[in-house]
Amino acid sequence: MNRLPLPTLLITAALLLVSGCAHQKSTPVKDSSPGAEIPSSVDISYFLGHTRRITLDSKDGQVVGRNFMDRQVLKETRVDQGRFLAFYRKAGEFMQRMNRTPAGDIPGCRTPFEITIKSDRETRTYKGCRSSDERGLSRLVKDGEFLLYSGK
Amino acid sequence: MGASLALLGFLAGVATIEFQARKSPPAGPHSTSAERGPAERSRNEPGEDSARPICQNFYKTVCQKRGITRDPTGSVKPDVSGEILALRAYEEIIRKHPEWSSDQVDEELVRTIYTPKVRARIQSSFQWVQNRVIRLIESQPEGVFTKKQKNLLKKQILSTQLDLPRPGALYADEPDLLTKNDVFYERSPEGKIRLRVGGAYLLSARSWFNIVFTLAHEIAHAIDPCELRALNVNIAAYDRLSACFLENQLVATKRSGTECTENDQLSESFSDWLAVSVVGDALATFESEFKGPQLVNAAVNSVRDLCEQDDGFRENDTEFHPPAEVRIERIFGRNPRIRSIFGCEPLPAGVRYCSFNPSLPETPTRLEIGR
């Protein structure tokens, strides 16, 4: 049986450890609680001529969604729990797809955005630049608006 | 006559209207002090500025207005009003068609907001602005722009496309724009230059003068100093203009060599400056048609949305844009043509309005205003 020499094993383990850390775009707080993850909120902040924000907060089985423009609430409404969960997953998938350089590293980004999703297990945040994210944020925002204004 | 036809054409949403420069004042009542013709306006009487509040403080005149402001071509509402209207329309469509998908709702929203009449109005205004910017470029002497430079600048302007959604051809890659007030210029990675117009803007800004300023500002980005720099184009007149902006504090003071980098205001100040020049043309087109307060309201409406919004919630973007007071008081209010239209006194000695051609006099004569 062939075995790798110890130094090679150590180097390989170190590389795996570093690559695992570098892959992270956010700083999740892991929890060892058993059972499915319970999403609690989605927060999308972005700038497009004005400061804008869509938030969805789940508490005690009820979800409240809000749409802001320059800190003014344009809409506040209850949202169906099932649809909130679907949107939470969508936001998570968007964050996973985004492997671009964060907005802070894009000089002169005029349309920055930040997405934060929280569950009982972790908080994940992604920062990006709208003009360089292939419009994925626009679709996500639109889906969020549809969720809020369809009133289901 | 030319201005009346232009006004009717704009209001009727005719696709192509050529606004003819007025050669002589039309017949009609000009009996009030606010309705002086150009010949009278060039004579400044002692204390003249005190009779015209707008001359004393452009920023205050524009920004003290609350709610909706109207001029003969239309009104301007606060940004948030336009967005609330767009979202109400959106919500109403969803309410009437609960089984529709998000895309179907968007398609109906486009039909509701971007009507043929509205599209024609924006398209005709866009063409008018393009023509005016081309004329501004062409009017510069050889010492300012060479023929080659003029051709390049004109090409940039004419290459800029107005991208308005139609049903069946939405802003598919940017659907949330339909309910937003934003109007912006962008150059795609493939080099395509375009302007996009948020749906809420069309509900908040009906005044032709606001549309002219907004479109002119965005079109100007096609030839702003930073855009030219990105295209590796170097024009001496632009360097002089940029230095003038800095000298007159139209842009925040930066370390040398940091222009067009993060937090720089140069491109936005340039676009404001060029848009103000185009608005000067627009106001001059109607200065004999409109009564004094109407002309003032037209001027107010052209830059109304640069003010801090009524609601107090606005977090102004002063990172890339100069403060509203600089934009309105110094870039708009110091423009010699704007001042001449309103009969304001010339700029004080030592205050120079920036120009591509620094050899121009501080205050244009009637010949230079030239229609």
So do the side chains of A/Arg130 and B/Glu174 get within less than 4.5 Å of each other, counting heavy atoms only? yes
Pair A/His50-B/Asn181, side-chain donor/acceptor within less than 3.5 Å: no
Salt bridge (Lys or Arg N to Asp or Glu O under 4.0 Å) partners for B/Asp106, two or more places apart: A/Lys142
Those residues at least two apart in sequence (or on a different chain) that pass salt bridge (Lys or Arg N to Asp or Glu O under 4.0 Å) with B/Glu227 are B/Arg187
Is it the backbone or the side chain of B/Leu87 that comes under 4.5 Å from a heavy atom of chain A, or both, or neither? both
Are any of the side-chain heavy atoms of B/Phe184 and A/Thr111 separated by less than 4.5 Å? no
Output yes when A/Arg52 and B/Asp176 qualify as a salt bridge under the 4.0 Å nitrogen-oxygen rule, no when they do not. no
Quick one: pull up CD in B/Glu91 and OG in A/Ser150 and give me the separation to the nearest 0.5 Å. 9.5 Å
Does a sphere of radius 6.0 Å around NZ in A/Lys75 hold more than 12 heavy atoms from other residues, nucleotides or ligands, not counting ones at 6.0 Å or beyond? yes
Which atoms of A/Tyr46 approach chain B - backbone, side chain, both or neither, heavy atom under 4.5 Å: side chain
Given heavy-atom pairs under 4.5 angstrom as the criterion, report whether the side chain, backbone, both or neither of A/Leu48 touches chain B. both
Would a distance-only check, ignoring hydrogens and angles, find a side-chain to backbone donor-acceptor pair under 3.5 Å from B/Ser102 to A/Asp143? no
What is the minimum heavy-atom distance between A/Gln72 and B/Val80, and which atoms define it? OE1-CG2, 3.8 Å
What's the verdict on salt bridge (charged side-chain N to carboxylate O under 4.0 Å, His left out) for A/Glu145 and B/Lys180, showing C-alpha distance, side-chain angles and the deciding distance? CA-CA 12 Å; A/Glu145 286 179 353; B/Lys180 303 297 181 294; 2.5 Å; yes
Residue pair A/Phe146 / B/Trp100: nearest heavy atoms and the distance that separates them: CZ-O, 3.7 Å
Measure the CG-CE distance between B/Asp79 and A/Met69 for me, rounded to the nearest 0.5 Å. 5.0 Å
Contacting moiety of B/Glu92, where chain A heavy atoms sit under 4.5 Å: neither
Contact class of B/Ser101 relative to chain A, heavy atoms under 4.5 angstrom: backbone
Top of B/Asp182, B/Ile93, B/Leu178 for chain A proximity - count of heavy-atom pairs under 4.5 angstrom: B/Asp182
